[in-house]
**Q** 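Encoded as structure tokens, here's the structure I'll be asking about.
As the structure is a computational prediction, the values presented were derived from the model and not from experiment. Here is the naming used below: chain letters follow the sequence lines, and residue numbers restart at 1 for every chain. What you see below is based on every heavy atom in this structure, not just the backbone, and it leaves out hydrogens, waters and symmetry mates.
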Amino acid sequence: MVERPPQRAMPIADGSLLSAMDMSTFLVASAHDMKNSVCVMTAYLECALADLPVEASSRAMTCQALYEAQRINHHLIQLLALYKINHNMYPFDPVEVELDSFEREVVARVLPFATAKGIVLEVISEQTERSWYFDYELIVSLITQSLHNAVKYTRSRVLLSIQVVDARLEIRVHDDGEGFPTFMLESSEEAAYGVNSMTGSTGLGLYFAAKVAQMHGNRALRGSTRLENGGALGGAIFILSLP
Amino acid sequence: MVVVDPNRANFADRSFLLVEDFEAMRGILRELLRRCGARHIEVAANGIEALNVLRRGKCDVILCDYHLGAGKNGQQILEEARHDGLVSASTIWIMVTAEKTADMVMGAVEHQPDDYLLKPVSEATLQSRLAKLIGRKAALAGIAAAMRAKEYQKAIDLCKARLEQDPTSSMEILRIQADLYLNLGQPEKAGSLFDAVLARRDVPWARVGMAKLHIHRGHFSRARETLEQLVGDYPNYLEAYDVLAHTYQRQGAWSDAQRVLHHAVMVSPNSSQRQSALGESALHCDDLDIAVSAYQKALKLAAKTTYKTPEPYLGLARVYTAQNKPGEALKLLSQLSIDIDNDEARLQGKAAEVRVHHASGNTQLAEAAARDVAARIQSGTQNLSPAATLNLAETFMLMGNKETASKLLQFVVLNNHEDEELASRVLDVFEKGGMGDEGRALIKTTRQQATESMNQGARLASQGKLSEALEFLNEAKSLMPRNPRLLLNHAYVVIALMQKSGWRHDMDNDARRSILTARQISPGEKRCGELLAKLETLR
């Protein structure tokens with residue numbers, strides 16, 4: 001499992017050697033290493049949560065720890081993927097994906113956290129098509145993160161809907177929370193994806209989503225993302241649309 | 001939402017092997033398998049342990065981590081296990097990985113695992129994937145078995161039946177079917193499949209398939225156009241780079257080939273074949289340092305797999321010769337004869353030796369080796385590719401042995417009499433030996449002679465004089481043992497004779513040998529598939 005750095009990190013004797021090294025090599029290798037640790041942490045936390053009695057006082061904290069661990073994992077996955085995408089090194093491979101198994105996979109990834117937080121996770125799929133065509137890993141990562149966010153910000157429910165609208169696959173993540181702040185809905189793409197010190201958002205998630213959506217195409221059509229408020233649950237809605 | 005799996009009970013009867021080097025993760029995955037209902041679970045921490053477990057007894061499901069530290073990676077273990085027959089067609093091999101890498105999505109379908117699981121792996125995902133894979137494996141088992149037995153026509157029929165039964169699995173089946181048509185030498189049918197897929201949606205693999213068809217037909221410019229557009233539209237679709245580099249090489253655009261391969265090895269450095277192709281391009285561009293490094297990587301990677309090819313050995317020997325290191329080159333060529341034990345590789349090694357001796361001024365050794373190689377080639381029992389034969393002829397020219405050079409060149413023309421491009425390359429070699437005029441005349445008469453033979457054989461056959469035709473073709477075959485057209489005519493006449501007077505084992509063998517040799521020389525040849533299918537019906 002362990003994707004080790006190409007060589008053991010050596011103590012660096014003088015500044016000239018450091019500047020001669022390509023920092024991105026270290027960043028990528030360390031990110032891999034961290035991801036391995038986070039995967040193990042996540043698995044242990046999920047086990048711990050499943051064993052904890054519902055009334056245990058440490059439950060909320062363990063749950064929060066799980067959420068944070070998953071957040072780190074998402075960020076690392078997305079940083080690595082973006083690094084590769086931007087260097088034309090990501091093995092982009094759209095394949096035919098059966099929608100019901102896709103749906104099962106993303107739900108399974110969020111379920112422990114949702115259950116621990118007492119959030120109801122619902123799925124509506126009005127599938128006229130049994131399968132669609134996309135890069136499985138990228139889209140799973142994207143939708144899983146969106147579901148995680150929704151579970152965090154919602155009050156009681158999260159709804160995942162998958163349907164085909166005008167020859168595009170539309171995946172929507174609804175919640176019944178406060179909705180997106182106005183500036184996120186209104187602002188231009190650059191502003192929405194930028195680092196915002198007020199909200200603590202790095203913009204990474206949305207940037208990743210937009211980038212991944214855009215990589216997917218069918219002839220002249222490209223994929224896209226958008227944010228809305230309202231909808232079935234009255235909270236925030238994240239929408240991914242793939243041609 | 002609770003995912004209930006109807007196949008849960010099945011897992012208890014199946015044997016699992018878990019390959020994972022990271023102890024904590026191994027524990028987690030084993031626990032996960034247990035919770036899914038698995039009862040028989042073996043574990044291994046690396047490739048050696050995994051292969052040992054498999055040698056002791058087959059496992060039904062293998063869950064293998066891709067990155068396993070310093071030893072073999074998951075892909076290499078899978079290839080070795082398949083090669084050594086440690087897994088059967090019904091075994092399910094799942095690669096577990098923290099991240100999708102290029103190595104996983106590249107490469108031939110038959111070397112791919114059944115599925116990938118991304119970490120972190122959840123119980124629900126594992127369970128539903130396993131259930132799904134067991135179902136799919138059962139559905140595709142027949143097709144896979146037929147493919148392994150090289151019964152391509154049967155596999156195609158099974159694909160068709162499957163498509164009628166379950167249209168939802170269509171893309172996967174269509175992709176397999178297109179591969180099968182190419183294997184059977186029916187590029188038109190593969191082409192109309194690609195067209196049908198592309199009419200449904202823009203799918204990169206179908207566009208690569210189209211480009212491969214252009215290459216089959218010798219339409220390199222069209223292949224190039226298709227692929228350049230494809231890498232523009234999908235800059236991350238790697239297979240396109242390999243095929244594009246191949247196209248550039250065929251067009252002699254070596255620096256373009258080097259450029260795209262350089263990019264491809266940065267993305268996915270673990271393919272011996274790709275490193276070797278980079279070495280070849282760099283050698284042609286006189287980038288000797290890059291060539292050495294790429295060929296060395298190719299050899300190192302090949303050492304870990306069961307599939308070794310002579311190319312990196314021969315290529316690196318050429319680079320060493322160019323760098324004036326004949327000792328290194330000869331050492332490598334003797335290593336080749338140890339590592340790859342077949343006639344063709346030995347002959348190629350011998351031909352390369354001629355060049356090394358010649359370049360280092362060792363005339364006597366060069367001539368002795370050269371005579372040996374020339375005799376083996378002309379016997380037709382051992383063969384070099386036309387390109388390698390041309391190289392050898394060029395060496396003879398440089399050594400002043402024009403007679404043998406001319407004979408080799410004539411042999412190439414006889415066996416490829418319809419190939420204009422090759423004829424012009426033959427002429428180049430004649431010109432390098434200062435024999436331009438004689439060469440031109442010789443090429444012309446040789447091509448006429450070959451065409452005459454084809455016509456005469458066909459005439460006799462069409463007049464129904466099958467035995468006479470066969471006698472004539474057998475004689476022509478000794479003169480041009482590597483001419484695909486002639487070989488197929490031969491097979492055709494043998495089959496016609498059997499249709500008339502009944503199946504015979506020795507004749508079946510004769511026809512089959514001709515067809516298979518022709519297909520090996522000219523893989524795109526449509527008649528190979530037709531004649532093989534006909535042969536199947538005679539039995």
Side-chain angles (χ1 to χ4, degrees), chain A residues 1-4 32 35-44 46-47 70 73 76-77 80-81 84-85 87-96 98 100-101 103-112 114 120-123 129-131 133 135-138 140-141 215 217-221 243, chain B residues 1-3 20-22 24-29 31-32 65-70 96-106 116 118-129 132 167-172 175 200-205 231 233-239 263 266-268:
Chain A
M1 90 152 273
V2 185
E3 290 154 54
R4 292 197 178 82
H32 274 305
K35 200 147 62 68
N36 289 319
S37 301
V38 174
C39 278
V40 175
M41 253 165 72
T42 311
Y44 284 158
E46 282 182 4
C47 292
Q70 282 171 333
N73 191 41
L76 291 172
I77 289 176
L80 284 169
K84 291 194 165 182
I85 290 167
H87 286 75
N88 277 345
M89 284 168 64
Y90 183 82
F92 185 60
D93 181 41
V95 292
E96 191 170 40
E98 281 184 36
D100 63 344
S101 66
E103 171 197 302
R104 231 175 304 168
E105 169 128 21
V106 291
V107 168
R109 279 166 189 264
V110 196
L111 203 58
V120 179
L121 197 54
E122 297 161 79
V123 181
E129 302 276 338
R130 274 182 59 179
S131 58
Y133 213 73
D135 186 293
Y136 189 74
E137 287 75 13
L138 287 178
V140 163
S141 164
M215 281 166 76
N218 188 15
R219 308 224 168 71
L221 305 173
Chain B
M1 185 179 135
V2 181
V3 184
E20 164 69 66
D21 64 331
F22 196 23
M25 190 49 85
R26 198 158 62 228
I28 290 170
L29 286 172
E31 186 48 38
L32 215 55
D65 193 74
Y66 181 79
H67 294 274
L68 288 165
V96 183
T97 172
E99 180 202 27
K100 185 159 80 171
T101 72
D103 297 333
M104 297 173 189
V105 299
M106 304 278 304
Y116 295 100
L118 279 191
K119 286 183 210 168
V121 183
S122 73
E123 185 185 334
T125 305
L126 184 60
Q127 212 172 87
S128 73
R129 288 277 194 107
K132 181 154 280 180
T168 52
S169 62
S170 57
M171 277 288 190
E172 190 188 3
R175 197 172 179 171
R200 267 169 62 185
R201 69 173 297 144
D202 179 16
V203 184
W205 62 259
V231 300
D233 291 347
Y234 296 90
N236 292 298
Y237 193 73
L238 280 166
E239 197 191 352
H263 174 75
M266 292 227 314
V267 181
S268 172

**Q** Is chain A contacted by the side chain of Arg26(B), its backbone, both, or neither, given a heavy-atom distance below 4.5 Å?
**A**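 Nothing of Arg26(B), per the 4.5 Å heavy-atom cut-off to chain A.
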
**Q** Atom CZ of Arg104(A) and atom NZ of Lys132(B): how far apart are they, to the nearest 0.5 Å?
**A**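 NZ of Lys132(B) is found 5.0 Å from CZ of Arg104(A).
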
**Q** Heavy atoms, side chains only, cut-off 4.5 Å: are Trp205(B) and Val95(A) in contact?
**A**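 Trp205(B) does not reach Val95(A) side chain to side chain.
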
**Q** With a 4.5 Å heavy-atom cut-off, do Ser128(B) and Ser101(A) have their side chains touching?
**A**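 No - every pair of side-chain heavy atoms lies 4.5 Å or more apart.
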
**Q** Can you name the side chain to side chain donor-acceptor pair (under 3.5 Å) partners of Asn73(A), sequence neighbours left out?
**A**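 In terms of side chain to side chain donor-acceptor pair (under 3.5 Å), with neighbours along the sequence ignored, Asn73(A) is linked to no residue.
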
**Q** Select one option (side chain, backbone, both, neither) describing which atoms of Pro243(A) are under 4.5 Å from chain B's heavy atoms.
**A**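 Just its backbone gets close to chain B.
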
**Q** Quick check: closest heavy atoms across Glu105(A) and Arg129(B), and the distance to 0.1 Å?
**A**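 For Glu105(A) and Arg129(B), the tightest heavy-atom pair comes out as OE1-NH2, 2.7 Å.
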
**Q** Can you tell me which portion of Leu118(B) sits under 4.5 Å from chain A's heavy atoms? Options are side chain, backbone, both or neither.
**A**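 For Leu118(B), heavy atoms of backbone and side chain both lie under 4.5 Å from chain A.
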
**Q** Does Asp202(B) have any side chain to side chain donor-acceptor pair (under 3.5 Å) partners at least two apart in sequence or in another chain, and if so, which?
**A**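 Expected list: Arg207(B), Tyr234(B).
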
